[in-house]
**Student:** 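Structure provided below as structure tokens; questions to follow.
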Amino acid sequence: MPQELPPKYTPKEVEEKWFDFWAKTPLFHSRPRPDKKPYTIVIPPPNVTGILHMGHALNNTIQDVLIRAKRMQGFEALWMPGTDHAGIATQNVVERKIAKDGLKRQDLGRDEFLKTVWQWKEEHGSTIIHQLKRMGASCDWARERFTMDAGYSSAVVEVFVSLYEKKLIYRGDYIINWCPRCQTALSDEEAPHRDLDGKLYYIKYPLKKSREHIVVATTRPETMLGDTAVAVNPKDKRYKHLIGETLILPLMEREIKIIADDLVDKKFGTGCVKVTPAHDPNDYAMGKSHNLDFVNIMHPDAVLNANAGEYAGMDRFEAREAIIEDLKERSLLLKVEEHRHAVGHCYRCHTIIEPYLSKQWFVKMKPLSKPALEAVKKGEIKFTPKRWIKVYLNWMENIRDWCISRQIWWGHRLPVWYCEECSKSTQPDAGVIVSRTTPERCPQCGSSDLKQDSDVLDTWFSSWLWPFATFGWPAAKSKSELDYFYPTSTLVTAPEIIFFWVARMIMAGFEFMGKKPFSDVYIHGTVRDEEGKKMSKSLGNSIDPLEIIEQYGADALRFSLIAIAASGSDIYLSQERFEQGRNFSNKIWNASRFILTNLREDVTGDGIDRESLKVQDEWILSSFNEAVRKVTKAIDLFKLNEAVNLIYEFFWHQFCDWYVEIAKHSIAEKNTQEVLVRVLKDTLLLLHPFMPFITDEISSKLPGEKIETIACSAWPKPKKEFDHKAAFATMDLVFKSVFVLRNFRKDLNLGPQDLVSIKMATTAQNKSAIEAVSSTMSNLAFAKISVSTDKTVAPNCLSALIAKDVHLYLLLEGLVDIQKEKERLDKEIAAMGSQLKQKKNMLENKDFVKKAPEAVVNRERQRVDELKDSMKRLKEVRRALK
RNA sequence: GGGCGCAUAGCUCAGCUGGUUAGAGUGCUGCCCUCACAUGGCAGAGGUCGAAGGUUCAAGUCCUUCUGCGCCCACCA
């Protein structure tokens, strides 16, 4: 007995039932199966602090569409889920939490603080995982990983130690990006530059030997306290004679030299640069090459230290003001200009970063980049859209060493110990022990006075191992799984993290696995609001995906996101965009409801009698075949918006608008019902990767074999026996006829009961097809419908051309406004005439006939014939109007 | 300073290797609560495809320049 569906679609109830089932089902658990091909996606692990936003929603919907489609297509599909410990972000969250009790992390101490973070993670860290489940993500949940799991951590240690052993990790004093708020070093990628309106200060530095001075220009005057030279370009004639002279550094009253260096741009400012080796990367380079003193003037929190003399204790910006005032007082400030320039910011807390000299750990990147460059150049790893290749290559070719140590507590602690005894030696790296296991004693001197490095590793130093560490590498037992699932298939992510993550994963893949980590990188757009701003909680412009799920359902959210997300372009969102998804859900629901309520008991969808198919049946089955071909291809090309729009168009405008409407008139027939069920079932399968909830729900109510979920059903294949090419042409006549009749009906204000006579000049075959459906579809009743090959035209009738061989005449003597009809015809004839003329010109053009492909020329010739014929017939009708 | 992207209907966008009369969603107008659906149906209005050149038999599509947005990268202090 077919089950009934409730009259109104309520996504909430339906979806809650299914997401619960999917979250628990073992069906999404994958294991190596030699008889099947693997298709693997590793999730970009969201931060444990994460709460689902639109970017996540889009990213994970795309992955779920791909994984569900491939699973149905017979692949051993694995979607690896997990979360990232997100060092700085998570530490910040927990610090904020304990701050409410007036506590700092130092008050708790390292161990106690870390306990608190773990506790926080246990309580809140799975929020986003739960939200992904709610969206319908068909991950292999049993495999869920966390970047600080014991196993994962051993991968991080292994990688650190092995890179150190290969001399690809080193430690040293360099200028790094320092966030004074987070009080940690950051990599270059973590310190994005933003243009700011700043000021350029011109400051006089007096010469020691005379009353003259030279002028330097700077945006950060406070750093002058740490100046140990002034540099000019050696080719700069203005200053050549001053090279080697001594200046008196104002305020500090320290003697500094004028040096010459090619790094100085003659054209910028005055051509004289103050050199602060401890607070600027360029100056650092000059400091090294000219053997200058390195004067660090700041504490880690950017408060000036004792080296800043009387400014000690002031914050860097406070000091800037004070210094400017003091310079003014001494008439040493020449001028101040407005100056827009790029300033680095902490990507976590947006504080202006400080270039800061400190001892950090680095990865030597150049050697790692080589295979990563080759793989992409050769196309071994493909990017979609292609344009990101250039971005990737550009970064990779100019790669710089990676600062990986962080002065925070939450993260993978460096597997580095220092021997107190040996470190007294002056040798570089003396007493440094890099080890996979905690060492008991110093291998050099045997001392047990060892101290572990207090730094932790950059979060991305664990993320870059994600495609293989999630399988348990380096443990031996991970081998069979890695052999089967690695390299993974597709990585789906946003452009923002190409450098952070994608590029580094490729390098790690080659370095540690000897193989690429994935074959395809699909870069989707950034989700933005209506004004083009990146959506973020801090801007308060975000549309909450959970809100959309609540209101319209997860299917609606998924559908709309995919439909909007044209491959690669940024996505502008507004609430209304999700209504389309909701409306589509409702349409599917109601069409299904209609079919179900009419169903005979013996209908399964598998019992189509091919011998007695009507032309509309042939048409819809053929159309579905077309849809399957196109949708399958579109998914393979990552054109998911195209795929979902194809299904939408097919289901709504072909199946519902035409087939179901026509089918109403033979709804009692078994064969009609079989076709309805067959097409509905198969469309639900096609749609399932995009809208898993509603498709599974409806499928479960349809007759036929009972299965738990269609998530593992076979993907529809085009059925050759249902390809009826001729049906397209015939149905096309039907559509046009109905369209014409609807217009007649509207123009004449005819109701459903009005009886009209139709004369049709066409073949008998076409007539029967048109006749069968057009009266009801156009909401007209026909007293009389006659078919004729007779070209003579009845007087005073409405007429319309359907196709070359089909002409409809609506016999309505006395009802027609002759004058109006004449005008209408004249207009139509004129339009046709100009089109005809254009085509004729084209064909008279010898170059066109000679150079254009034959098919194009023939098509034009045929079109001209048709137009000529139509013109003739229309003119006849026009003459018959009296 | 380099690089990339976008500009098509009122709005948001599709439009693939150039080839019939440039499409969708939404909004708008008119008529319909017709027994799946008003979250719906039918019909309709609305476009010199950012500008100017060029290539071509043929350009929304390819090339050049320009304009206006947007993004990314970069050690001009």
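Chain identifiers are assigned alphabetically (A, B, ...) following the order of the sequence lines, protein sequences preceding nucleic acid strands; residue numbering begins at 1 within each chain. The basis for the numbers below is simple: all heavy atoms, side chains too, and nothing from hydrogens, waters or symmetry mates.
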**Student:** Does A:F294 have A:K288 sitting over its ring (NZ/CZ under 6.0 Å from centre, angle to axis within 45°)?
**Tutor:** yes
**Student:** Closer to the 5' end of RNA chain B via nearest nucleotide, is it A:K839 or A:H339?
**Tutor:** A:K839
**Student:** Side-chain donor or acceptor of A:K850 under 3.5 Å from a matching atom on the base of B:C57?
**Tutor:** no
**Student:** Mind calculating the distance between CD (A:E189) and C1' (B:C72) to the nearest angstrom?
**Tutor:** 13 Å
**Student:** Of all the choices, B:A77, B:G25, B:A36, which nucleotide is nearest to the side chain of A:V660 once you look at every atom?
**Tutor:** B:A36
**Student:** Please determine which of A:F693, A:F584, A:Y9 meets the ring-ring contact (aromatic ring centres under 6.0 Å, His included) test together with A:W589.
**Tutor:** A:Y9
**Student:** Measure CZ/A:R629 against C1'/B:C16 and give the value in whole Å, please.
**Tutor:** 19 Å
**Student:** So which of A:F651, A:W658, A:W652 actually passes ring-ring contact (aromatic ring centres under 6.0 Å, His included) with A:F655?
**Tutor:** A:F651
**Student:** Assess whether a salt bridge exists between A:E189 and A:R504, defined as any Lys/Arg side-chain N lying under 4.0 Å from an Asp/Glu carboxylate O.
**Tutor:** yes
**Student:** Do A:E661 side-chain and B:A36 base share a donor-acceptor contact under 3.5 Å?
**Tutor:** yes
**Student:** In this structure, are over 12 heavy atoms from other groups packed under 6.0 Å from A:E397 atom CD?
**Tutor:** yes
**Student:** Do NZ/NE/NH1/NH2 and the carboxylate oxygens of A:R863 and A:E866 come within less than 4.0 Å?
**Tutor:** yes
**Student:** Answer yes or no: is there a side-chain heavy-atom contact under 4.5 Å between A:V295 and A:T276?
**Tutor:** no
**Student:** For A:L867 and B:U20, give me the distance from atom CG to atom P, rounded to whole Å.
**Tutor:** 15 Å
**Student:** Within the 4.0 Å heavy-atom criterion, would you say A:N845 contacts the bases, only the backbone, or no part of the nucleic acid?
**Tutor:** sugar-phosphate
**Student:** Nearest to the side chain of A:K390, which nucleotide is it out of B:C75, B:C73, B:G3?
**Tutor:** B:G3
**Student:** Do any pairs count as a salt bridge (charged side-chain N to carboxylate O under 4.0 Å, His left out) and have a residue in residues 273-283 of chain A, sequence neighbours left out, and if so which ones?
**Tutor:** A:R220-A:D280, A:D227-A:K274
**Student:** When you measure from the centre of the six-membered ring of A:Y648, is the NZ or CZ of A:K587 closer than 6.0 Å and no more than 45° off the axis?
**Tutor:** no
**Student:** Taking only the side-chain nitrogens and oxygens of A:R340, find out if one of them lies under 4.0 Å from OP1 or OP2 of B:C76.
**Tutor:** no
**Student:** Return the value, rounded to whole Å, for the distance between atom CZ of A:F594 and atom C1' of B:C37.
**Tutor:** 11 Å
**Student:** Do the side-chain N or O atoms of A:N645 get closer than 4.0 angstrom to the phosphate oxygens (OP1, OP2) of B:G25?
**Tutor:** no
**Student:** On a whole-Å scale, what distance lies between the C1' atoms belonging to B:C13 and B:C73?
**Tutor:** 28 Å
**Student:** Can you check the distance between B:A22 and B:G15, where both ends of the measurement are the C1' atom (answer in whole Å)?
**Tutor:** 8 Å
**Student:** Say you pick atom C1' in B:U21 and the same atom in B:A58; how far apart are they, in whole Å?
**Tutor:** 16 Å
**Student:** As a test of reading the structure: which of B:G25, B:C42, B:A77 is closest to the side chain of A:Y648, going by heavy atoms?
**Tutor:** B:G25
**Student:** So, is A:R387 near the phosphate of B:C4, with a side-chain N or O under 4.0 Å from OP1 or OP2?
**Tutor:** no
**Student:** Indicate for each nucleotide in nucleotides 58-63 of chain B, in 5' to 3' sequence, whether protein heavy atoms under 4.0 Å reach the base (B), only the sugar-phosphate (S), or nothing (-).
**Tutor:** ------
**Student:** Output the single nucleotide from B:G41, B:C37, B:C75 whose closest atom is nearest the side chain of A:D657.
**Tutor:** B:G41
**Student:** Specify the residue among A:S585 and A:K267 whose closest nucleotide of RNA chain B lies further upstream toward the 5′ end.
**Tutor:** A:S585
**Student:** Expressed as a whole number of Å, how far does the P atom of B:C49 sit from that of B:A9?
**Tutor:** 10 Å
**Student:** Please measure how far the C1' atom in B:A45 lies from the corresponding atom in B:G30, and state the result in whole Å.
**Tutor:** 10 Å
**Student:** Would you indicate which nucleotide in B:A36, B:U21, B:A77 comes nearest to any side-chain atom of A:F268?
**Tutor:** B:A77
**Student:** With a 4.0 Å cut-off on N to O distance, would you call A:K736 and A:D732 a salt bridge?
**Tutor:** yes
**Student:** Ignoring hydrogens and geometry beyond distance, is the side chain of A:N282 in donor-acceptor contact with the base of B:C75 at under 3.5 Å?
**Tutor:** yes
**Student:** Does any donor-acceptor pair link the side chain of A:K639 with the base of B:A14 at a separation under 3.5 Å?
**Tutor:** no
**Student:** Does a side chain donor of either A:N398 or A:N394 reach within less than 3.5 Å of an acceptor in the other side chain?
**Tutor:** yes
**Student:** Which nucleotide sits closest to the side chain of A:R863: B:U20, B:A36, B:C76?
**Tutor:** B:U20
**Student:** Mind checking the P distance from B:G50 to B:U12? Whole angstroms is fine.
**Tutor:** 14 Å
**Student:** Evaluate ring-ring contact (aromatic ring centres under 6.0 Å, His included) for A:H339 paired with A:Y202, printing each intermediate quantity in order.
**Tutor:** CA-CA 12 Å; A:H339 182 64; A:Y202 288 77; 9.4 Å; no
**Student:** Quick one: A:D195 CG to B:A74 C1', roughly how many Å, whole number?
**Tutor:** 11 Å
**Student:** Counting any heavy atom closer than 4.0 Å, what does A:P853 reach on the DNA or RNA strands: base, sugar-phosphate only, or nothing?
**Tutor:** base
**Student:** To the nearest Å, how far apart are A:R577 CZ and B:G25 C1'?
**Tutor:** 7 Å
**Student:** Under 3.5 Å for both pairing distances: what stems, at least three Watson-Crick or G-U pairs long, include RNA chain B?
**Tutor:** B:1-7 with B:67-73, B:10-13 with B:23-26, B:28-32 with B:40-44, B:50-54 with B:62-66
**Student:** May I ask you to check whether A:Y347 and A:F500 place their ring centers less than 6.0 Å from one another?
**Tutor:** yes
**Student:** Consider the side chain of A:R859, meaning its heavy atoms from C-beta on, and name the nucleotide among B:A77, B:C57, B:U20 that approaches it most closely.
**Tutor:** B:U20
**Student:** For the P atoms, the ones on B:A51 and on B:U67, what distance do you get once it is rounded to whole angstrom?
**Tutor:** 15 Å
**Student:** Are any of A:H653's side-chain N or O atoms less than 4.0 Å away from OP1 or OP2 of B:G25?
**Tutor:** yes
**Student:** Expressed in angstrom and rounded to an integer, what is the separation of A:W589 atom CH2 from B:A36 atom P?
**Tutor:** 17 Å
**Student:** Quote, to the nearest angstrom, the C1' distance that separates B:G60 from B:A7.
**Tutor:** 12 Å
**Student:** A:K851 side chain N/O closer than 4.0 Å to the phosphate oxygens (OP1, OP2) of B:G19?
**Tutor:** no
